[in-house]
Amino acid sequence: MTSPAQMAGYASDGLGYKTFPPDAVVIPADADDLARVIAVLKGVPICLRGAGTSLSGGPVAAQGGVVIHTSRLRAIRKICPEGLWCEVECGVNLNRLDQALAPYGLCYPPDPSSGPVCTIGGNVASNAGGAHCFRYGVTGNYVLGVEVVLLDGSVHRFGGPAGGRGRWQEDWKRLMIGSEGTLGAFTRFWLRLTPRAEKAWTFRATYADLASTERAIHGLVRHPAFPVAIELMDPRAVALVESSSMAMGLPKDHFMIVTEIDGPAALVDRRVESVAEVLRSAGSKDVQFGDSPEARKNLFQARKAMGGLLGQISPDYLVQDAVIPKRALAELLQLIYDEADQAGFPAVTVMHAGDGNLHPNFLFDSSKPEELEKVEGISKRLMERVVAVGGTLSGEHGIGNDKSEYMGMVFGPDSLRLQLAIPQIFNPRHVFNPLKVFPERRFAA
Amino acid sequence: MKQTAALPQFDPLSACVHCGFCLEVCPTYQLTGDENNSPRGRLRIWREEAAGRLEAEPMTDFYTSECVGCLACETACPAGVPYGEIFEKTRHEHVATGRFKPKLELKVAAMAVGYPALFNLALTPVRALRSLGFLPHPLVFPGRPAVLESTAAYARRFMALRKPDGPRVALLTGCLMEAMFREINFATVRVLIENNVRVVIPDDQGCCGAFQEHTGLDGVEALRAKNRQAFDGHDVECVVSNSAGCGFALAKTLDGKPPVRDVLGFLGGLGIKPRPRVAGNARVYVDLPCHLVHGQKADGIPKAVLDATGYEWELAPCAKDCCGSGGIYNIQKPENAREILARKSAFLDDAAGEPVILATSNHVCMMQWNSARSLVRRPFQVHHVIQLLDPGEKALLNS
Ligand SMILES: Cc1cc2nc3c(=O)[nH]c(=O)nc-3n(C[C@H](O)[C@H](O)[C@H](O)COP(=O)(O)OP(=O)(O)OC[C@H]3O[C@@H](n4cnc5c(N)ncnc54)[C@H](O)[C@@H]3O)c2cc1C
Ligand code: SF4
Ligand code: SF4
């Protein structure tokens, strides 16, 4: 595909306001086809694309060239209930995998909120996380093996399930996880599975001030029930839900925490009261909880609705993905609020509070160039402060080309030299995904 | 700790945030894997063209023509993008400016439905053939319609005989439904009257306009104006429709005056009289029309209503996914429609039960399912759910 209209559809990822139209798009029919395409493409940059939900400018042709879209590699090839693993193609959608595992009583735990659409390929390439990763860990914890097509079209398998078939190869899967399409094209994965939790309870509590909210978070992270998720919404986020059609009677000026415990029914049923008590004793006068699927859905709904609601009220939003030490939360929230007020646009903040992954969303209008410039200025100052208090750039969205300029803030020259040495081996001319992660990764024909 | 900058007001028309949640539910994306053939892709292309950043080109016309109009993307969209509205406007514009040419037979049919009496008359031979058991086309499903008596006359007759005194509703009889598949209207009248509902059939009602909407042709407004007049002043609780697509189009037209309800949803609220349990091995698979769940945004068909059929039933796999009918999509894009149907109907081959019945609540979906006979290896029946609730004429008169 090469027509301008066709390129328009592939010009951006989840950051719709930043466009990089490719020169051509290929949709391979299967993995062999994909390897052939890579083998014959010479002298052009190649960018792999899953569902294009990245929020960091990952799956876009930043330097032109060809986008390879994996949308047709969507076979779940094997589910092995005895070995607790499955084999999937890179374009398999996360929620569809979950549906396929459910009848076996199995689960693949990483759960980015983009589950209804994102692909396992994109998840592995950006080492995706999600609400439940506080307890279960992120994508990388569940990858047993990766099949990769390298620059010359050769196919390699790194790692695999225990006792896997075929010749053993280097266990370099850790290099591949989180490589954001800069080392090669993934075609297949072997993923570790867990038994599905028998039962879960979901809790929701509101707090009048940040101090009591923080008390609740500290209480939860140390609680022996070991919550699977601890999600925080700031008053702006709560107000946003309350002024939408999803209003559920929450106080608009309060913080809100959503948390969940799961495990064997007999065990979690006994822990419900003590978790509720942690939430109450931290200062909440409104703690709700439930274990039926509808109740749980309602309790989680406000948190899940955020991304969409932002879209309803603002032409664009810039979301950051900082990871911060929990003690710095008050300081950083204040900085976010001050910056947003000064610039004149609102910020709506949510956080995977368990692991300190903070997502402030700045609402702006990209059709006004001065607004984009302003919001990027804020973003930069915020990230500087995040690093200064001991935090880092990205918890789950990846670096892409949106945050590549910030790499020097966290990594010293030595570390950068080592990190850049790896693409030097796999992808010396930066054919795969140039300008991503490191701004100096420029494709040269 | 407070911010001063105020939250902006909600604006449903403010554009899509590019989250992609609509991709996995879109039948044409599923079919092709091409982002341009998805809601997010189409919206992007249209917006680029509207902003003057993209010239009008054949690929834009092609991707616009590929959309089935199932509206699954509206249900999936967390940002409330009114895709259907935007799509309808774009399609109409493409037809008006010659960028897209609907097939000739569709143009003729669109013109004909504007004249219900003539349309009814012209299709008399088809009704006659069906009533004799001949099926002139793979899309035409079996049934025994009355050839001459209209639904309006039939309803008057049964109202006089049974004199129900419950809630009063108007029935939308539809154009194709009345001209070709009248037996479903008759069954609807019987079920309503059996449940003590007073049925009014406004004589001057016309086509709901869905046909024009689907083809992008002119004339929707005239049809809407006619129906606004026809359904005005009958002192009814609501208008009921037995076709999800027509009901959806009429709901947009009447805008709550009076409200339009799907007949099965309406019956669900009444506490419906059940049919006796069906003995044996028969099993009903219920498919949900897109314009019921994504258009009218109903949860589905009420469980109480499906239980009342007396059959063992379950939802068909992927019941909320499109069957490929798309009103007229199966005529405009037969290859796509067939592939969508092939994937959706594959389960029937190994489905439990004998006989196997596929039941839905929209005649155009029934037509599409009927055409799956050449894809599915085993025999199966296609019915409207209302037909499974039908007491039959004799029983109704004797009860
Ligand atoms: C509403 C919304 C909510 C989100 N919530 C979360 C969240 O909770 N947690 C989270 O971690 N992320 C979240 N994200 C970000 C995004 O969904 C994730 O980064 C996801 O992993 C991307 O998957 P994808 O299939 O869309 O990949 P893409 O966006 O298409 O690609 C992402 C990166 O992976 C590379 N890539 C894709 N496929 C391959 C392949 N086969 N081989 C090599 N490289 C490949 C691309 O080049 C790109 O660099 C969210 C995004 C949205 C829009
Ligand atoms: S209406 Fe249906 S076919 Fe059209 S874009 Fe939406 S989901 Fe796809
Ligand atoms: S789901 Fe809605 S907001 Fe998201 S890409 Fe689709 S149309 Fe846009």
Side-chain angles (χ1 to χ4, degrees), chain A residues 1 3-6 8-17 25 27 49 51-53 69-72 74 91 93 95-96 114 116-118 209-210 235-236 239-240 243-245 253 304-305 307-317 330 333-334 337 340-341 343-348 363, chain B residues 1-26 29-49 51 53-64 75-82 317-318:
Chain A
M1 302 196 289
S3 97
Q6 290 175 312
Y10 282 91
S12 81
D13 58 359
L15 298 178
Y17 55 91
V25 175
I27 307 175
R49 180 177 175 104
T53 65
H69 191 192
T70 63
S71 53
R72 297 178 73 175
R74 44 167 67 231
N93 164 246
N95 280 11
R96 287 192 195 256
S114 49
V117 53
C118 66
D209 54 59
L210 185 62
R236 263 305 148 75
L240 180 60
S243 46
S244 79
S245 57
D253 52 353
K304 291 245 151 115
L309 290 176
L310 292 170
Q312 287 184 20
I313 58 166
S314 177
D316 301 288
Y317 62 92
L333 268 186
Q334 194 60 58
Y337 294 176
D341 281 347
F345 28 74
V348 174
L363 312 189
Chain B
M1 191 181 258
K2 288 226 158 52
Q3 294 178 57
T4 54
L7 283 172
Q9 289 301 304
F10 279 92
D11 171 14
L13 277 169
S14 112
C16 134
V17 288
H18 232 251
C19 68
F21 275 34
C22 49
L23 296 185
E24 275 298 303
V25 300
C26 173
Y29 179 73
Q30 290 295 316
L31 214 55
T32 58
D34 182 351
E35 164 110 22
N36 298 297
N37 217 335
S38 80
R40 180 170 71 172
R42 283 187 255 274
L43 286 163
R44 160 75 77 175
I45 297 177
W46 296 336
R47 198 171 49 203
E48 291 299 294
E49 192 184 300
R53 289 188 291 262
L54 183 69
E55 300 218 7
E57 62 151 288
M59 285 323 291
T60 304
D61 307 350
F62 170 74
Y63 289 121
T64 308
T75 306
C77 177
V81 172
C318 313

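When reading the values below, keep in mind they use all heavy atoms of this one structure, side chains included, and skip hydrogens, waters and symmetry mates. In what follows, every chain begins at residue 1, and chains take the letters A, B, ... in the order their sequences are listed.
For B/Ser38, no part lies near chain A; criterion is any non-hydrogen pair under 4.5 Å. Residue contact with chain B, scored on non-hydrogen atoms closer than 4.5 Å, involves the backbone and the side chain of A/Ser12 alike. At a 4.5 Å heavy-atom cutoff, the contact between A/Asp13 and chain B is made by backbone atoms alone. Only the side chain of B/Tyr29 comes within contact range of chain A, judged by heavy atoms closer than 4.5 Å. Residue B/Glu55 does not touch chain A at all, counting heavy-atom pairs closer than 4.5 Å.
Expressed to the nearest 0.5 Å, how far OG1 of A/Thr53 lies from CZ of B/Arg40 amounts to 7.5 Å. In this structure, B/Asn37 CG and A/Ile27 CD1 are separated by 9.0 Å, a value rounded to the nearest 0.5 Å. In this structure, A/Leu310 CG and B/Cys19 SG are separated by 11.0 Å, a value rounded to the nearest 0.5 Å. Remark: B/Ile45 CD1 to A/Ser3 OG distance equals 7.5 Å, nearest 0.5 Å.
Closest approach of B/Leu54 and A/Ala8 over heavy atoms only: CD2-CB, 4.4 Å. Listed here is the closest heavy atom pair of A/Ser71 and B/Gly33: OG-O, 2.5 Å. What you find for B/Glu24 and A/Val117 is that their closest heavy atoms are CG-CA, 3.9 Å. Residues A/Pro116 and B/Phe21 come closest through the heavy atom pair CG-CE2, 3.9 Å.
Looking only at distances, a side-chain donor or acceptor of B/Arg44 sits under 3.5 Å from a matching main-chain atom of A/Gly16. Between the side chain of B/Glu57 and the backbone N or O of A/Ala5, at least one donor-acceptor pair lies under 3.5 Å.
Residues A/Tyr17 and B/His18 fail the side-chain proximity criterion, which asks for heavy atoms closer than 4.5 Å. Contact check for A/Met1 versus B/Glu35: no side-chain heavy atoms found under the 4.5 Å cut-off.
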